[in-house]
Amino acid sequence: MPRILALFLLLCAPVLQSCHQGGHGKPLVISTIKPVQALVYAVAGQHAQELELHQLLPDGASPHHYALKPSDAHLLENAQAVFYIGREMETFLGKSLDNLPATTRAVELDKVPGLQHLHSRTRDEDEPDDAHADGTEDLHIWLNPANAIAMTQAIGKTLQTIDPAHGADYLHNASLVAQRISATDGHIRQQLQDLRNRPYLSFHDAWQHFDTHFGLSFAGAVTLDVSRLPGARHVHEIRQIIEQKQAVCLFQEPQFPPALINTLVEGSNIRIGKLDPLGSQLPLDANTYTTLLQNAADSFANCLRGNSTSP
């Protein structure tokens, strides 16, 4: 029996290997959201075409609302590596993570060494109800450039493991990506340093990792439970925040409907800006992640300084 088993494994080895390759015989590497895909693509660098890099969520989709399709589950089953933020962020992954083959490297980026963690913001008495302010972690970790560097290092090591022939290149690329992120971080710090006392509102509280890192002043969010829109009482509370905290800007996001924005700001002088924590409109290239950060910084700077027009 041992000889038969050994012969079986020998004959089936190519088949087993192909199960963890994409449709073109390349190692299949899955990222859930655009910011993660951007980091993986940058670290893959000159070998990006030798891997099948697949982003699970379409551009414009929100991880809070996404539903896993059968085709997604099939891709996950055949991936050599899966990069995702955390089980509480990509809740749609569900049991798919538990059912991955033992040979698949599932990398929960929220658990990588060197990460800076933040709890979801708790509510004070004059802020609206926060459905997520229960001591859970804020998983929008990619919006802190220091976290992105830690994630980049983990990505480099994982790609080295699944494609050891190019392992040294992946580690070198990860170092170069980290340097670009650090340079962008320094530039943004200078750009935003005089805006720390100008409170802002966001559609939902995605920006804590960014505003904490750069010292911006968060006043509140239109909704912190992204599964439902705020009711009349909540709208009243938001208007109170605008008045009492003298918030100068409210940011909407493309992943969420802007229908309430005009109602919320009616009668106030607050300005409207746009932020996209997922960078959904950005083309994928080596600089997509740093462009996402810089675009966010530019939006904050323009709106908080008054370069954005009121509705």
Side-chain angles (χ1 to χ4, degrees), residues 22-23 28-42 44 48 52-79 81-97 99-100 106-110 120 131-132 136-144 147-148 151 155 202-210 221-230 251-261 273-285 287-293 295-296 299:
L28 176 59
V29 179
I30 293 178
S31 304
T32 51
I33 59 175
K34 184 70 163 281
V36 176
Q37 176 79 338
L39 292 174
V40 172
Y41 184 87
E52 185 169 343
L53 304 180
H54 181 80
Q55 179 183 318
L56 202 60
L57 266 72
D59 286 345
S62 167
H64 300 292
H65 301 139
Y66 190 72
L68 200 68
K69 301 189 293 288
S71 58
D72 296 330
H74 178 72
L75 283 169
L76 288 167
E77 291 169 359
N78 290 290
V82 178
F83 295 100
Y84 65 105
I85 296 296
R87 287 176 178 264
E88 297 304 314
M89 171 63 72
E90 293 100 335
T91 55
F92 60 85
L93 288 176
K95 294 182 179 179
S96 294
L97 290 172
N99 295 331
L100 291 176
V107 182
E108 188 171 10
L109 293 167
D110 182 47
S120 297
H132 293 312
T136 59
E137 185 179 355
D138 182 342
L139 289 176
H140 300 87
I141 54 174
W142 66 91
L143 293 172
N144 179 337
N147 285 347
M151 293 159 62
I155 290 168
S202 60
F203 188 86
H204 91 293
D205 191 10
W207 292 92
Q208 180 181 197
H209 280 280
F210 188 95
V222 173
T223 178
L224 290 154
D225 180 357
V226 295
S227 66
R228 61 186 176 89
L229 294 175
F251 290 99
Q252 54 187 343
E253 298 175 15
Q255 289 83 24
F256 299 97
L260 284 176
I261 298 299
K274 292 183 179 180
L275 289 170
D276 183 3
L278 295 176
S280 57
Q281 303 300 316
L282 297 177
L284 185 63
D285 58 38
N287 298 308
T288 298
Y289 174 76
T290 51
T291 301
L292 185 159
L293 283 183
N295 284 356
S299 292

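The chain is numbered in sequence order, starting from 1. None of the values given here were measured: they were computed from a predicted structure.
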What pairs with S202 under side-chain hydrogen bond (donor to acceptor under 3.5 Å, both in side chains), at least two apart in sequence or on another chain?
none

Between L75 and H54, what is the shortest heavy-atom contact and its length?
CD1-NE2, 3.2 Å

Check step by step if side-chain contact (heavy atoms from CB on, under 4.5 Å) holds for K34 and L57.
CA-CA 8 Å; K34 184 70 163 281; L57 266 72; over 6 Å; no

Nearest-0.5 Å distance that lies between atom NZ in K69 and atom NE2 in H74
14.0 Å

Heavy-atom closest pair, residues E108 and I85
CG-O, 3.6 Å

Supply the atom-to-atom distance I33 CD1 to S62 OG, rounded to the nearest 0.5 angstrom.
9.5 Å

For the backbone of T136 and the side chain of S120, can you confirm whether one donor and one acceptor N or O come within less than 3.5 Å of each other?
yes

Who are the side-chain hydrogen bond (donor to acceptor under 3.5 Å, both in side chains) partners of N144, not counting sequence neighbours?
Q116, H213

Which residues share a side-chain hydrogen bond (donor to acceptor under 3.5 Å, both in side chains) with N295, sequence neighbours left out:
none

Side chain to side chain, E77 and N99, heavy atoms closer than 4.5 Å:
no

dist D110:CG -> L139:CG (nearest 0.5 Å) comes out at 5.0 Å

Closest approach of L76 to L93 (non-hydrogen atoms, all atoms of both residues):
CD1-CD2, 4.0 Å

Minimum heavy-atom separation for Q55 and D59, please, with both atom names.
NE2-OD1, 3.0 Å

Minimum-distance pair of heavy atoms, taken over all atoms of S299 and L275
CB-CD2, 3.6 Å

OH/Y84 to OG1/T32 distance, rounded to the nearest 0.5 angstrom?
9.5 Å

Student check: side-chain heavy atoms of N147 and L109 closer than 4.5 Å
no

Give me the atom names and distance for the closest heavy-atom approach of A48 to Y41.
CB-CE1, 4.0 Å

Please test H140 against Q208 for side-chain hydrogen bond (donor to acceptor under 3.5 Å, both in side chains), starting from the C-alpha separation and ending with a verdict.
CA-CA 8 Å; H140 300 87; Q208 180 181 197; over 6 Å; no

Apply side-chain contact (heavy atoms from CB on, under 4.5 Å) to residues E253 and H204 and explain how you reach the verdict.
CA-CA 8 Å; E253 298 175 15; H204 91 293; 3.2 Å; yes

Donor-acceptor pair, side chain of T288 and main chain of P283, under 3.5 angstrom:
yes

At what distance, to the nearest 0.5 angstrom, does CZ of F251 lie from CG of D276?
13.0 Å

Nearest 0.5 Å please: distance from the OH atom of Y289 over to the CE atom of M151.
7.0 Å

